[in-house]
Chemist: 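Submitted below is the structure of interest, expressed as structure tokens.
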Amino acid sequence: TITVAAGSAVTINFSNKDSGIPHNFALYTDSSASKSIFVGKTVTGVNTMTSTFSAPAKGTYFFRCDFHPTQMTGSFIVQ
């Protein structure tokens with residue numbers, strides 16, 4: 001679970017420690033993942049990435065790794 005303030009600048013510092021395996025951080029309106037709010041760049045292998053985006057309106061959203069959509073998921077709460 002990640003909790004942020006509405007309208008705030010959200011910075012994702014992503015560190016992939018899986019050699020040769022791609023990951024990303026993607027934020028969606030809900031768990032159907034049909035409407036994206038933010039989709040971060042792919043980080044492959046041992047590498048890091050920093051992305052910044054504006055938090056959406058108050059509510060509970062869904063995030064995941066698009067490469068592992070059933071294993072790497074969570075709630076993104078905007079207060």
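All values below were derived from every heavy atom in this structure, side-chain atoms included, with hydrogens, water molecules and symmetry-related copies excluded.
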Chemist: Treating Ile, Leu, Val, Met, Phe, Trp and Tyr as nodes and any side-chain heavy-atom pair under 4.5 angstrom as an edge, say whether Leu27 and Val10 lie in one connected cluster.
Modeler: yes
Chemist: Between side-chain atoms of residues 67-79 and protein atoms elsewhere (two or more places apart, or another chain), which donor-acceptor pairs fall under 3.5 Å?
Modeler:
unit_1 : atom_1 : unit_2 : atom_2 : d
His68  : ND1    : His23  : ND1    : 3.3

Chemist: Without placing hydrogens or testing angles, list every side-chain donor-acceptor pair under 3.5 Å for residues 38-61, not counting sequence neighbours.
Modeler:
unit_1 : atom_1 : unit_2 : atom_2 : d
Thr50  : OG1    : Asn13  : OD1    : 3.0
Thr52  : OG1    : Thr11  : OG1    : 3.3
Tyr61  : OH     : Ala57  : O      : 2.8

Chemist: Do any pairs count as a salt bridge (Lys or Arg N to Asp or Glu O under 4.0 Å) and have a residue in residues 59-79, sequence neighbours left out, and if so which ones?
Modeler: Arg64-Asp66
Chemist: Restricting to ring pair (Phe, Tyr, Trp, His ring centres under 6.0 Å), what partner residues turn up for Tyr28, sequence neighbours left out?
Modeler: none
Chemist: Does any pair with a residue in residues 19-31 pass salt bridge (Lys or Arg N to Asp or Glu O under 4.0 Å), and if so which ones, sequence neighbours excluded?
Modeler: none
Chemist: Could you tell me which non-hydrogen atom of Ala5 sits nearest to which non-hydrogen atom of Ser8, and how far apart they are?
Modeler: O-OG, 2.7 Å
Chemist: Can you tell me how far the CD1 atom of Ile12 sits from the CG atom of Asn24, to the nearest 0.5 Å?
Modeler: 11.0 Å
Chemist: Filter on ring-ring contact (aromatic ring centres under 6.0 Å, His included), then keep only pairs touching residues 2-22, sequence neighbours left out; what's left?
Modeler: none
